[in-house]
Amino acid sequence: MEDQARMMSGLVGLSGLSQVDVGDHDAGRKQHSLGQPQQDIGDILQQIMAITDESLDEAQARKHALNCHRMKPALFSVLCEIKEKTVLSIRGIQDEDPPDPQIMRLDNMLLAEGVSGPEKGGASAAAAAVAAAAAGGSPNDGSIEHSDYRAKLTQIRGIYHSELEKYEQACSEFTNHVMNLLREQSRTRPISPKEIERMVGIIHRKFSSIQMQLKQSTCEAVMILRSRFLDARRKRRNFNKQATEVLNEYFYSHLSNPYPSEEAKEELAKKCAITVSQVSNWFGNKRIRYKKNIGKFQEEANLYAVKTAVDAASVSSQASQANSPATPNSGSPGSYSRPNTGHAHPGLHPTNGEGLFLSPPLQPQVGLQ
DNA sequence: CGGCATGATTTATT
DNA sequence: AATAAATCATGCCG
């Protein structure tokens with residue numbers, strides 16, 4: 001009977017109600033053990049070590065006996081009463097934020113990188129890469145690296161998913177286990193569904209921190225991969241001569257306001273076979289570098305001024321007015337040579353007004369800065 | 001290899 | 001959101 005009582009007190013202790021002592025004849029022993037807790041722990045350890053299958057069976061039998069004890073319903077209701085009171089104090093501890101912002105962030109990123117989300121890796125990606133390389137007469141050297149990147153991304157994605165699956169399996173297994181335990185124990189002590197729910201919540205929080213680590217390291221891996229394969233700075237290729245010419249032509253012919261509109265950018269992008277943002281980059285770089293050292297660009301400016309002037313001359317041979325091709329360098333060359341000029345927004349952004357770029361190529365303003 | 005050119009990115013500004 | 005300015009990382013040439 002002493003064993004039963006101890007077991008009972010152990011069960012109760014699990015629920016955090018250890019203050020409810022059960023076995024009366026255990027009291028003396030407890031007093032004693034409180035004085036020497038180490039010995040008590042050693043005692044328990046020894047008992048645990050001594051557990052065998054038989055003793056477990058025996059324990060089951062005793063548990064059953066306990067559950068069938070005639071005083072059990074009474075004890076149970078007492079426990080319920082106590083619980084009613086304590087549960088209120090427990091309640092305040094919980095109530096946390098279900099949507100973890102950190103995990104949301106990582107999720108979004110993984111989704112954006114194509115690691116999570118709809119399955120489109122593997123064969124279709126490889127096929128797409130091959131198709132891109134094969135089709136279209138352009139031997140895009142980037143596609144090889146890109147397919148390499150895709151392959152590695154797929155690899156990461158595979159690892160990520162298998163880990164995630166393992167994690168989910170372990171989580172649900174553990175949750176099930178705990179729930180079974182709680183259900184089992186609920187025969188002996190009162191456990192409200194809410195309490196089980198709370199327990200599951202705690203487990204999930206614990207597991208989600210593991211999940212976050214997984215997602216975190218996956219994100220890191222993807223970022224490293226990105227930086228190695230996709231960071232355009234690492235595989236920068238100069239634009240071809242013709243593209244540079246087109247861009248320079250526009251720049252120097254709009255020197256007074258070298259801020260192409262969105263449509264103009266699109267047109268330039270199309271002409272140069274580059275993207276609109278590359279056009280924006282080019283103009284950003286060009287403006288700042290030109291401004292920084294106008295002298296260095298004199299030759300170039302002169303060249304393109306002449307070039308556009310020649311173009312303008314050949315074009316304006318029918319519709320010309322007083323625009324004399326004899327003075328191509330003095331005016332703002334080709335200011336009207338493009339249809340885009342019509343929607344160039346005057347005074348759009350230049351911080352010092354348009355004056356910054358007003359100077360014709362051959363007459364640099366020295367006091368610009 | 002050193003050094004400048006150049007496209008892209010990052011940060012600050014408006 | 002677009003741009004200026006600073007910075008990065010590579011390309012390219014002597």
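Below, chain A is the first sequence line, B the second, and so on; all start at residue 1.
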Quiz item: Taking only residues two or more places apart in sequence or in another chain, which ones pass side-chain contact (heavy atoms from CB on, under 4.5 Å) with E245(A)?
Solution: K241(A), Y304(A), K307(A)
Quick one: [X] [atom1] to [N] [atom2], roughly how many Å, whole number?
| X | N | atom1 | atom2 | answer |
| --- | --- | --- | --- | --- |
| I288(A) | dT3(C) | CD1 | C1' | 9 Å |
| K286(A) | dA4(C) | NZ | P | 15 Å |
| K292(A) | dA4(C) | NZ | P | 13 Å |
| R287(A) | dA2(C) | CZ | P | 12 Å |
| N281(A) | dT7(C) | CG | P | 18 Å |
| E263(A) | dA2(C) | CD | P | 12 Å |
| K291(A) | dA4(C) | NZ | P | 7 Å |

Practice problem: Look at Y259(A) and dA4(C) and indicate whether a side-chain polar atom (N or O) is within less than 4.0 Å of OP1 or OP2. | Solution: yes
Quiz item: Is E300(A) salt-bridged to K286(A), going by a charged N under 4.0 Å from an acidic O?
Solution: yes
Self-check item: Heavy-atom closest contact (L214(A) atom, E163(A) atom, distance)
Solution: CD1-CB, 3.6 Å
What pairs of nitrogen or oxygen atoms, one from the protein and one from nucleotides 3-6 of chain B, lie under 3.5 Å apart?
from, atom 1, to, atom 2, distance (Å)
dT6(B), O2, R236(A), NE, 3.0
dT6(B), O2, R236(A), NH1, 3.2
dT6(B), O2, R236(A), NH2, 3.0

Quiz item: Would you say the side-chain atoms of N285(A) and R287(A) include a donor-acceptor pair closer than 3.5 Å?
Solution: no
Quiz item: Does some side-chain heavy atom of I203(A) sit less than 4.5 Å from a side-chain heavy atom of F207(A)?
Solution: yes
Quiz item: When you match N285(A) and S280(A) each to their closest nucleotide on DNA chain C, which lands nearer the 5' end?
Solution: S280(A)
Quiz item: Short question: side chain of H177(A), backbone of E173(A) - any donor-acceptor pair under 3.5 Å?
Solution: no
